[in-house]
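Values below: all heavy atoms of this structure, side chains included; hydrogens, waters and symmetry mates excluded. Quantities reported herein were computed from a predicted structural model and do not represent experimental measurements.
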Amino acid sequence: MDKPLEGIKIVEVAMWAFVPAAGGLLSDLGADVIKIEPPSGDPLRGLQIGGMGGDGPGRNIDFSWESYNRGKRSVTLDLKQQAGREVLMKLVDGADVFLTNLLPRARRAMGIDAESIRTAFPGIIYASGSGMGPNGPESDKGGYDAISYWARGSISATMTEDGATKPVGPPGPAFGDTASGAMLAGAICAALVKKLRTGKGSEVDVSLLGTAMWSMQRLICQATQDQVLRFPRPANPVPHNVLVGNYATSDGRFVSLCMLQADKYWKPFCEVAGRPDLAADPRFVDQKARRENVDACHAEMKALFASKPLAQWREILSHQEGQWDVVQEVGEMQADVQVQANRYLQQADYGDGTTIPMVGVPMLFDRQTMPARRSPDLGADSDAVLASLGYDEDAIIDLKVQGVVF
């Protein structure tokens, strides 16, 4: 399969999840992403998060590492040494994109800040991921998705019920990192199009804070316009529209309804659910009436869904046109018919006769999903990449003796 970014070379000097996630996405789209790691490796390698890790059957796979470094080539370089930086500059020469999330002061110290790189290579795209953006008094401050995206970006507070003893935390590792990484990958693709049209490189930056605000823009703009601090989030809110919300079934599962055109779907829903009397009830006959009698209507809806198990509701709701779906657990995703049909979850070849499950990049080209690939072992491609730069065997050995390459 032809990949849309074949022929694009990206040099990545980044660690953890946010910016590497952007590089992994671009790699799956066909770019040659050369990941520069320090001798000790990216600190994400082997990181145990919240008890997740090697307790399951089979190979001890670090899915954080695999997910965000898919398909890359790994080169170990000590960029604290001048010789290491010289190798890096040879790599950057001819690259389309330089991708990094090192803090600005570290970049300046190494001579790999935007001004230095773009002066040496005027046509390159210099792409960075930051915590709070490249401008302002905190532009040098680092960030993580749990604090810069989830907490500072107002998502946590908005998700937390009124009167809670602590704010709601992220649903899983790198939740904001992956969203921000996708945003950064999109910015890089836009810069590549600009370069194709004009021949000019760009400096692009995406921040965790900015991406959180993009995700929360509807409420942020409303709060700004209305000059309110917080929109109420009661523990048991009464819906404006009873056909929008989550309802518990008799077997402890949940069905999510999102029928925004309430009057269009109310009567057909009541009929297939076996309760045409609800549609005929003057208290519930239209959205205005249902809103005026929302407590009674909501109680009827909760009792109705609680009267049948999820399997029956699947069958019932499939016979009407209103929008709905099941609240699924992560372990159910592999069996989802749409996941299977679109190959959103794949088995990637691990290179030793085994495979590992990986979520594919959710972009289909000509209805085909890009194949997911495993991540590289530390320094697996150092020798091959150095040889491609013109270093012979003796020069590579010399760099290893100096501790520049491992």
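- Of the inter-residue distances, the one linking S74 atom OG with I36 atom CD1 reads 8.0 Å to the nearest 0.5 angstrom.
- Ion pair R73/D32 flagged as a salt bridge, since at least one NZ, NE, NH1 or NH2 atom sits closer than 4.0 Å to an Asp/Glu carboxylate oxygen.
- Between A187 and V206, the shortest heavy-atom contact is CB-CG2, 4.1 Å.
- Two residues are said to be in side-chain contact when any heavy atoms from C-beta on lie closer than 4.5 Å; V97 and L192 meet this criterion.
- By the 4.5 Å heavy-atom criterion applied to side chains, D96 and I124 are not counted as neighbours.
- A donor-acceptor pair is defined here as one N or O able to donate and one able to accept, closer than 3.5 Å; such a pair exists between the side chain of R118 and the backbone of G201.
- Tested against Y265 for a side chain to side chain donor-acceptor pair (under 3.5 Å), the candidates Q323, Q320, E321 yield a single pass: Q323.
- Formation of a donor-acceptor pair under 3.5 Å by the E6 side chain with backbone atoms of G30 is not found in this model.
- Side-chain contact between L243 and M301 is present, with at least one heavy-atom pair separated by less than 4.5 Å.
- Evaluation of the side chain to side chain contact (heavy atoms under 4.5 Å, CB included) rule for E300 yields R275, L278, F284 as partners, not counting sequence neighbours.
- Under the 3.5 Å distance criterion, the side-chain polar atoms of K35 are matched with a main-chain donor or acceptor of A14.
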*Derivation of the side-chain contact (heavy atoms from CB on, under 4.5 Å) call for T211 and F18*: CA-CA 11 Å; T211 304; F18 164 20; 5.7 Å; no
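- The closest side-chain heavy-atom distance from L29 to M370 is below 4.5 Å.
- For the pair T119 (side chain) and E115 (backbone), a donor-acceptor distance under 3.5 Å is present.
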Sequence neighbours left out, cut at 3.5 Å: what donor-acceptor pairs do the side chains of residues 86-94 make with other protein atoms?
none

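- In this view, W16 and Y144 satisfy the ring pair (Phe, Tyr, Trp, His ring centres under 6.0 Å) rule, not counting sequence neighbours.
- Within the 3.5 Å criterion, the main-chain N or O of I220 finds a donor-acceptor partner in the side chain of T224.
- Partners of D162 according to the salt bridge (charged side-chain N to carboxylate O under 4.0 Å, His left out) rule, which considers only residues two or more places apart in sequence or in another chain, are R230.
- A donor-acceptor pair under 3.5 Å links the side-chain atoms of D336 to the main chain of Q338, judged by distance alone.
- Scored by the side-chain hydrogen bond (donor to acceptor under 3.5 Å, both in side chains) test, S40 finds no partners at all (sequence neighbours excluded).
- Put simply, the side chain of K72 gets close to the backbone of P20: a donor and an acceptor are under 3.5 Å apart.
- Note: E138 CD to L209 CG = 9.0 Å, rounded to the nearest 0.5 Å.
- V204 approaches A191 most closely through the heavy-atom pair CG1-CB, 4.1 Å.
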*Might you work through the side-chain contact (heavy atoms from CB on, under 4.5 Å) test for R290 and D263, ending with a clear yes or no?*
CA-CA 10 Å; R290 288 191 296 277; D263 284 338; 2.9 Å; yes
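- The ring-ring contact (aromatic ring centres under 6.0 Å, His included) pairs that include a residue from residues 172-227 are W150-F175, where partners are two or more places apart or lie in different chains.
- Looking at P371 and K3, their side chains come closer than 4.5 Å, going by heavy atoms from C-beta outward.
- R45 contributes no side-chain N or O that, together with a main-chain N or O of W65, makes up a donor-acceptor pair within less than 3.5 Å.
- Between M132 and G142 the shortest heavy-atom distance is CE-O, 3.7 Å.
- Distance alone, capped at 3.5 Å, places no donor-acceptor pair between the T76 side chain and the P38 backbone.
- S375 and E66 share a donor-acceptor pair across their side chains, judged by distance under 3.5 Å alone.
- For the pair A164 and T160, the tightest heavy-atom approach, listed with the atom from each and the gap, is CB-CG2, 3.5 Å.
- Proximity of a side-chain donor or acceptor of T355 to a complementary backbone N or O of Q347 within less than 3.5 Å is not detected.
- Residues passing the side chain to side chain contact (heavy atoms under 4.5 Å, CB included) test with T100, sequence neighbours excluded: V13, F98, L102, R107, Y126, S128.
- Q312 is not listed as a side-chain neighbour of E315, based on a closest heavy-atom distance of 4.5 Å or more.
- The shortest non-hydrogen separation linking S116 to G111 is CB-O, 3.4 Å.
- A223 is linked by a side chain to side chain contact (heavy atoms under 4.5 Å, CB included) to V228, F231, counting only residues two or more places apart in sequence or in another chain.
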Please set out all donor-acceptor pairs under 3.5 angstrom arising from side-chain atoms of residues 244-260, sequence neighbours excluded.
residue, atom, partner, partner atom, Å
N246, OD1, S256, OG, 3.0
Y247, OH, V242, O, 2.6
T249, OG1, D251, OD1, 2.5
T249, OG1, R253, N, 3.2
T249, OG1, R253, O, 3.2
S250, OG, K308, O, 3.1
D251, OD1, L310, N, 3.1
D251, OD2, L310, N, 3.3
R253, NH1, E332, OE2, 3.0
R253, NH2, V327, O, 3.1
R253, NH2, E332, OE1, 2.8
R253, NH2, E332, OE2, 3.2

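- Each ring-ring contact (aromatic ring centres under 6.0 Å, His included) pair with one or both residues in residues 370-406, not counting sequence neighbours, would appear here, but there are none.
- Here the options are V33, V11, L184, the test is side chain to side chain contact (heavy atoms under 4.5 Å, CB included), and the partner is L99; only L184 passes.
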*Full working for side-chain contact (heavy atoms from CB on, under 4.5 Å) between C189 and L26*: CA-CA 9 Å; C189 289; L26 296 168; 3.9 Å; yes
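- Side-chain contact between L317 and F269: present, with at least one pair of heavy atoms (C-beta onward) separated by less than 4.5 Å.
- At a cut-off of 3.5 Å, with distance as the only test, no side-chain donor of Q287 or R291 sits close to an acceptor on the other residue.
- In this structure, Q402 and L399 have side chains that are in contact, with non-hydrogen atoms separated by less than 4.5 Å.
- A distance of 15.5 Å separates OG of S27 from OH of Y68, quoted to the nearest 0.5 Å.
- Tested against K400, the residues D78, D394, D383 include a single salt bridge (charged side-chain N to carboxylate O under 4.0 Å, His left out) partner, D383.
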*Go through the steps to decide whether N241 and W266 satisfy the test side-chain contact (heavy atoms from CB on, under 4.5 Å), and finish with yes or no.*
CA-CA 10 Å; N241 172 5; W266 175 246; over 6 Å; no
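- Residues that satisfy the side chain to side chain contact (heavy atoms under 4.5 Å, CB included) test with R105, not counting sequence neighbours, are L103, R108, D140.
- Nearest heavy atom pair, residue P167 against residue S156, reads CB-OG, 3.3 Å.
- Screening residues 188-200 for side-chain hydrogen bond (donor to acceptor under 3.5 Å, both in side chains), with sequence neighbours left out, gives K194-S202.
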